[in-house]
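What follows is a short report on a single structure.
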Amino acid sequence: MAQPTGTPYKAPADGVVTLVAQDPFTLEGNLLMIDHGMGLNSAFLHSATIVVREGQRVRQGQYLGTIGATGRATGPHLHWSLKWRASRLDPLLFLGPMPD
């Protein structure tokens, strides 16, 4: 979702932070990964800031960081990938209506 740099994003569900990479990867930039349990994992790419740490338990709706354009990005946006076991899922299928 394209948003201005610095727009906050929150945890979509409870889980444990498994990776915080604030030394940007080439493509992903600043990267955050959360294990939600039962094989479900979220990854958030291109973050400007990440305010949680590895091993931290997070709750649904908890502030995680801010949207950015780190790594290979043409502009600020949140790249949220959702994976269940070996299958990639469309995160939009799990969200309610988006605000205008």
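Here the closest heavy-atom approach between residue Ile34 and residue Thr18 is recorded as N-OG1, 4.2 Å. Among all heavy-atom pairs drawn from Met33 and Ala43, the shortest one is CG-CB, 4.0 Å.
Contact annotation: the side chain of Leu32 approaches that of Tyr9 to within less than 4.5 Å [non-hydrogen atoms, C-beta and beyond]. Side chains of Pro91 and Pro12 form no contact here, defined as non-hydrogen atoms less than 4.5 Å apart. A heavy-atom distance below 4.5 Å is not found between the side chains of Val16 and Val58. Inter-residue side-chain proximity for Phe94 and Leu89 is flagged as met; some heavy-atom pair is nearer than 4.5 Å. Inter-residue side-chain proximity for Leu40 and Leu82 is flagged as met; some heavy-atom pair is nearer than 4.5 Å. With contacts defined as side-chain heavy-atom distances shorter than 4.5 Å, the pair Ser81/Phe44 does not qualify.
Judged purely by atom type and a 3.5 angstrom limit, His46 has no side-chain atom pairing as donor or acceptor with the backbone of Gly68. Looking at His77, its side chain does come within 3.5 Å of a backbone N or O of Gly75 through a donor-acceptor pair.
Around CG of Asp23, the count of heavy atoms belonging to other residues, nucleotides or ligands within 6.0 Å does not exceed 12.
By the criterion of side-chain heavy atoms lying less than 4.5 angstrom apart, applied directly or through intervening Ile, Leu, Val, Met, Phe, Trp or Tyr residues, Leu93 is grouped together with Leu78 in one hydrophobic cluster.
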Quick one: side chains of residues 48-55, donor-acceptor pairs under 3.5 Å with protein atoms, not counting sequence neighbours, listed by atom name and distance.
{"from": "Thr49", "atom 1": "OG1", "to": "Thr66", "atom 2": "N", "distance (Å)": "3.3"}
{"from": "Thr49", "atom 1": "OG1", "to": "Thr66", "atom 2": "OG1", "distance (Å)": "2.6"}
{"from": "Arg53", "atom 1": "NH1", "to": "Gln56", "atom 2": "OE1", "distance (Å)": "3.2"}
{"from": "Glu54", "atom 1": "OE2", "to": "Val20", "atom 2": "N", "distance (Å)": "3.2"}

